[in-house]
Amino acid sequence: MLEKTYDPAAIEGRRYAEWEESGAFAARPDSSARTFTIMIPPPNVTGSLHMGHALTFTIQDTLIRWRRMQGRDVLWQPGTDHAGIATQMVVERLLAETQTSRRAIGREAFVERVWRWREESGGTITRQLRRLGASLDWPRERFTMDAGLSEAVRRVFVTLHREGLIHRARRLVNWDPKFQSAISDLEVESRAIKGTLWHIRYPMAGEEGKFIIVATTRPETLLGDVAVAVHPADVRYRGLIGRSAILPLVGRRIPVIADEYSDPEKGSGAVKITPAHDFNDFKVGERHGLPMPSVLDREARIRLDEIRENFSPLAGVADQEFLESLAGQDRFAAREAIVQKLSELGLLEKSEPQLHQVPHGDRSGVPIEPLLTWQWFCNAVELAKPAIAAVETGRTEFVPKQWENTFFAWMRNLEPWCISRQLWWGHRIPAWYGPDEKIFVADTAEEAAALAAKSYGRPVELRQDEDVLDTWFSSALWPFSTLGWPEETRELKRYYPTDVLVTGFDIIFFWVARMMMMGHHFMHDVPFRAVYIHGLVRDQHGQKMSKSKGNIVDPLELIDRYGADALRFAIVQLTGPGRDIKLGPARVETARSFVTKIWNAARFCEMNGIRPDPEFRPEAATLPLCRWVLDAANRAIGEATAALAAYRFDEYAAACYRFAWHVFCDWFLEFAKPELAAGGAGAAEVRAAAAQVLGTLLRLLHPATPFASEELWEQLGYGPSGSLIRTRWPEPVAVADADSARAELDWVVRLIGEVRTVRAEMNVPPATPTPILLKDAMPTTLLRAERWREAIGRLARVSEIRALVGAPPRGVAQAVVDEATVILPLAEIVDLAAERARLDRERGKVGREAERLKQKLADQAFVSRAPEEVVEENRERLAAAEAELARLEAALRRIA
RNA sequence: GGGCGCGUAGCUCAGCGGGAGAGCACCACCUUGACACGGUGGGGGUCAGAGGUUCGAUCCCUCUCGCGCCCA
């Protein structure tokens, strides 16, 4: 017997363990079935399950379970990402608690410590994914720092280097002073900061008392200025181009140059050019062949070593003592000191508050500093070409399609990808330096040594590059490295390319684009045929969830409170095309009601002896009720399947919801009650059909609500424990003359609806049954009424159904159903005025509809130009409206 | 500044050339033999605004207003 209420906590753990232990999640590389593959976006090994995970993994699991039920050989590849910076930060924090640091214990011990941390704490997220019900093929779990994946990383690096697609260069990069590492431009987010625009006077060389005024938000980088730029068309400065200004505080002469980068509208129209500390200035510097002295070090403190020799004392403009006092100062302290000094020297024209965009490290949260350093770069421009082509030709398709624009916009404007990071946790760059800094790139130290020995003609001591690779470098290989590449494994042959990648738009650039590049280059095919982009999860008010706002909703808490199925169903319901979803506890509570409803419907079935009947042949069903519900189930199957195929999770959920609640429960089970009570052959057929349809429903629901559906599947005897997950997705069954069954049941439903409405509006107490009289009913209608007497009686509280013979009694309420007028003799209780008002309202509504249609059909332009079927449809609607209108008017006359 | 998207019932959202929809919330009634995490009935919308195309526009085009996001 099923429990009175569904208790998710009592069954979820057990059901999941049963699936996992029985191998239900396992791919079947030896089978001949068509494959269906999804690579999990590997969550950070440091992570714990948040709402974004709940969304993306629910969607993936829904697809996976659906395709698995369709008989596909499904591979859902699990794994985690080593997440360079994030993980290093976590372990550094732990070290700080024990009064030590990464530098104190050294690289080797630190890396070992991270591995140990990963052994102890890295499994959190995978445990939590099990709570959600994710049917991942766990024995295949990979980690981006695994031996195999690391080998793939080295192989890719070495290959790309050999092909000239990876090289080392000294370039301006985004430097994070907190992590003291380069970061990629994607890891930089610009934030609006209230700052100050300072207007500084640069004295013109050899022209006492004359100045050129430059406007800047970063006076501390002034020390590294190498020019002042003005727009070539700016008449204010035309005379100054080619002359020299004196750099305040440093005393160096710098040229005034003409460059279109300078915006006459902004500030004073003249800008200082500091190539080593600004990306735009860097380009100006390159165009004009200017020097590029650095004045900030790796911790963003002032350094003078590259400008000291250019110092040239000048009274009232530059004094050495002040300049030296800046050395080693933090950038912000230096800014204050410099502004103060300029003000004292009378070189500060003015300052004005200004809101401007300042680049920040997305993880460190500190302003990033463009810095000239030696780094490794990957030629993304070249690698992007086939990836772009793949999307252009539709080899890979984005869903929704609009994201392709975003993808193209980014892919067509790529900068070299800086792939080196000055961290310790990650894949160490397989490059070694000889005594003269010659570079040897190889898979292993031994191979590098061999290369070096050959190069130098003798064995030499090599030093490996200290840097590690950007975490996204290894993630980019995920779709093939997890399958065993560079080995030619059967998995690699069988499961690459994968079917669909499911992810949020925020990592299209970080990850999707890079997988496309690497996939093409090394596998010569796209990594996935479709990219399904879902929205972000927001709180119920549409706010982005964040710790600082305190509006985080914890999926595990929701699972504890409402069950995993409720959370999953809520997510599936809300996931429409390309929209963020707003998810609060109320939505999950509502979804739980649905799961409970299913549970109770199944309980009713169980109580009424509804068990699957292997002998039942749907095509042989004779009762209209059975044929009707089987047909409705067929349509639900069609809708749900089409919705899933189109990634319309909202429509899939709606199809299941509508069918389960508003067809199966609201009507079918209610109609079934009298049949079941009557017993006999009719009851037997209803039981068998009910079991058939409930089985279909459980199968349709399984991808969204796996736990409850699996539990019911077993308890109601559909199959052995844990077998629903392996059961075939339902197909429509043959139903004899479905049209007539549909016509009949639709009529019954409408009749009951009309009677209920009239009764409710006439305030007939539910406890008082009323007879109904059918006026002008055709014989077939009267036969129908007779067949459904029992059900109509129960559901519409009707005591008796008769054909009206002769004149209607006084004091009636009336309604129109097709050709018949339904008359409720309510002499004792009816309020004639109220009934007249009600009928009048109805007549008005139908009359307006008829009038509108009549006008439309009278319009020559419409009739001649609109498609014939549209015109015909309008004619039919008009005829129906006019007939109903006539009956309503007759009804009104009767009670006048 | 450039690009993308969104403004449809109180809320959350479907629909996207021919009858304005769902869920929740709301109101009224109901402890009917699976379910009050329930049942029945009901109210509620110049589909942001203005033009245009069309026989016909919530839907296509243009502009305006408002709100997001991404890139400068």
Side-chain angles (χ1 to χ4, degrees), chain A residues 2 4-6 185-186 188-190 263 265 279-280 357 359 400 402-406 408-410 413 505-506 508-509 535-536 538 540-544 562-563 566 570 573-584 586-608 610 648 650-651 653-654 657-658 661-662 665-666 669-670 672-674 676-677 752-767 769 794-797 849 852-853 856-857 859-867 869-871 873-874 876-878 880-881:
Chain A
L2 288 175
K4 175 122 169 87
T5 50
Y6 175 54
D185 42 357
L186 286 174
V188 175
E189 59 180 34
S190 90
D263 182 353
E265 306 289 314
F279 285 96
N280 290 309
Q357 299 293 322
Q402 77 209 45
W403 288 110
E404 291 181 1
N405 291 328
T406 310
F408 287 138
W410 188 72
N413 287 289
F505 60 83
D506 47 332
I508 290 180
F509 306 140
L536 256 41
R538 298 170 177 276
Q540 60 267 57
H541 310 295
Q543 296 286 311
K544 215 164 162 174
Y562 304 111
Q573 268 183 308
L574 288 168
T575 302
R579 266 222 203 205
D580 287 352
I581 75 167
K582 295 174 193 169
L583 185 64
R587 301 302 300 233
V588 184
E589 196 178 345
T590 303
R592 179 189 56 178
S593 300
F594 177 63
V595 177
T596 306
K597 184 77 180 176
I598 301 295
W599 184 266
N600 281 312
R603 242 179 97 232
F604 173 83
C605 290
E606 188 188 39
M607 290 163 72
N608 284 278
I610 290 167
R648 286 299 303 262
D650 55 339
E651 288 182 353
Y657 189 98
R658 246 191 333 263
W661 202 313
H662 298 311
C665 291
D666 287 352
L669 289 184
E670 295 303 328
K673 282 172 186 173
L676 292 169
I752 292 169
E754 288 293 340
V755 175
R756 279 171 169 173
T757 301
V758 171
R759 288 180 51 102
E761 294 199 350
M762 291 293 101
N763 290 318
V764 179
R794 275 175 45 82
L795 299 177
R797 315 240 115 207
E849 168 78 359
R852 202 181 56 78
L853 288 163
K856 197 170 183 178
L857 287 161
D859 182 352
Q860 217 23 63
F862 170 72
V863 179
S864 61
R865 300 214 190 183
E869 64 267 26
V870 173
V871 177
E873 194 195 321
N874 277 273
E876 282 164 16
R877 283 215 306 265
L878 176 60

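The sequence lines fix the lettering, A, B, ..., with proteins before strands; numbering per chain opens at 1. The analysis underlying the following values was restricted to heavy atoms, covering all of them including side chains, and did not include hydrogens, waters or symmetry mates.
In terms of position along RNA chain B, the nucleotide closest to Glu849(A) lies nearer the 5' end than the nucleotide closest to the other residue of the pair Arg538(A) and Glu849(A). Two residues, His662(A) and Arg587(A), neighbour RNA chain B, and the one matched to the more 5' nucleotide by heavy-atom proximity is Arg587(A).
If you take CZ of Phe505(A) and P of rC6(B), they are 14 Å apart, rounded to a whole angstrom. Atom CZ in Arg579(A) sits roughly 9 Å away from atom C1' in rA14(B) (whole-Å rounding). Atom CG of Asp650(A) and atom P of rU12(B) are 17 Å apart (whole Å). Distance, Asn413(A) CG to rG2(B) C1': 12 Å, rounded to whole Å. Across the protein-nucleic acid pair, Asn280(A) atom CG and rG1(B) atom C1' stand 14 Å apart, rounded to whole Å. If you take CZ of Arg759(A) and P of rG42(B), they are 14 Å apart, rounded to a whole angstrom. Protein atom CG of Asp580(A) is 9 Å distant from nucleotide atom C1' of rG68(B), rounded to whole Å. The interatomic distance linking Asn874(A) (CG) with rG19(B) (C1') rounds to 8 Å, in whole Å.
Between Arg852(A) and the phosphate of rG18(B), there is no side-chain N or O to OP1/OP2 separation shorter than 4.0 Å.
Glu761(A) comes within contact range of the sugar-phosphate backbone alone, with a heavy-atom separation under 4.0 Å but no base atom that close. No contact: Ala654(A) has no heavy atom under 4.0 Å from any strand. Backbone-only engagement by Asp859(A) is indicated by non-hydrogen atom pairs under 4.0 Å involving sugar-phosphate atoms exclusively.
For rG17(B), there is no paired nucleotide, since no Watson-Crick or G-U wobble pair has both relevant distances below 3.5 Å. The base-pairing partner of rG44(B), taking Watson-Crick or G-U wobble contacts with both distances under 3.5 Å, does not exist among the strands shown. In this structure, rG38(B) and rC30(B) make a Watson-Crick or G-U wobble pair, each of the two defining distances being under 3.5 angstrom. Across all strands shown, rA57(B) remains unpaired; no Watson-Crick or G-U wobble contact has both distances below 3.5 Å. Nucleotide rG68(B) is matched to rC4(B) when pairs are restricted to Watson-Crick or G-U wobble geometry with both distances under 3.5 angstrom.
With both ends at atom P, the span from rC37(B) to rC24(B) equals 14 Å, rounded to whole Å. To the nearest whole angstrom, the two P atoms, one in rA25(B) and one in rC63(B), are 42 Å apart. Atom P of rC6(B) sits at a distance of 14 Å from the matching atom of rG17(B), rounded to the whole Å. Annotation: rG44(B) and rC35(B) have their C1' atoms spaced 29 Å apart (nearest Å). A gap of 15 Å separates the P atoms of rA9(B) and rG15(B), to the nearest Å. Taking atom P in both rG66(B) and rA28(B), one finds a spacing of 41 Å when rounded to whole Å. Between rU32(B) and rG19(B), the distance separating the two C1' atoms is 36 Å to the nearest Å. A gap of 15 Å separates the P atoms of rG18(B) and rG56(B), to the nearest Å.
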Just do the side-chain contact (heavy atoms from CB on, under 4.5 Å) check on Leu669(A) and Phe604(A) with the steps written out, would you?
CA-CA 9 Å; Leu669(A) 289 184; Phe604(A) 173 83; 4.0 Å; yes
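Under a 3.5 Å cut-off, the side chain of Glu606(A) and the backbone N or O of Leu2(A) do form a donor-acceptor pair. Checking side-chain atoms of Arg648(A) against main-chain N and O of Gly576(A) turns up no donor-acceptor pair under 3.5 Å. Judged by distance alone, the side chain of Asp859(A) and the main-chain N or O of Ala861(A) form a donor-acceptor pair under 3.5 Å. Checking side-chain atoms of Arg592(A) against main-chain N and O of Ala566(A) turns up no donor-acceptor pair under 3.5 Å. Side chain of Arg587(A) to main chain of Gln573(A): no donor-acceptor pair is present (N/O by atom type, distance under 3.5 Å, no hydrogens or angles).
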Listing, residues 577-584 of chain A side-chain donor-acceptor contacts under 3.5 Å, not counting sequence neighbours, or none:
| unit_1 | atom_1 | unit_2 | atom_2 | d |
| --- | --- | --- | --- | --- |
| Asp580(A) | OD1 | Leu536(A) | N | 2.9 |
| Asp580(A) | OD2 | Arg538(A) | NE | 2.7 |
| Asp580(A) | OD2 | Arg538(A) | NH2 | 2.9 |

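Between Tyr6(A) and Trp599(A), the two ring planes are tilted [angle within 30° to 60°].
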In B/S/- notation (B base, S sugar-phosphate only, - none; protein heavy atoms under 4.0 Å), nucleotides 24-37 of chain B written 5' to 3' is S----SS-BBBB-B
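Side chain of Thr757(A), nearest nucleotide from rG68(B), rG7(B), rG41(B): rG41(B). Closest to the side chain of Pro577(A), from the set rU40(B), rA14(B), rA72(B), is rA14(B). For Leu574(A), taking side-chain heavy atoms from C-beta onward, the closest of the listed nucleotides rA14(B), rG19(B), rU12(B) is rU12(B).
In terms of the side-chain hydrogen bond (donor to acceptor under 3.5 Å, both in side chains) criterion, residue partners of Arg603(A) (sequence neighbours excluded) are, by chain and number, Asn600(A).
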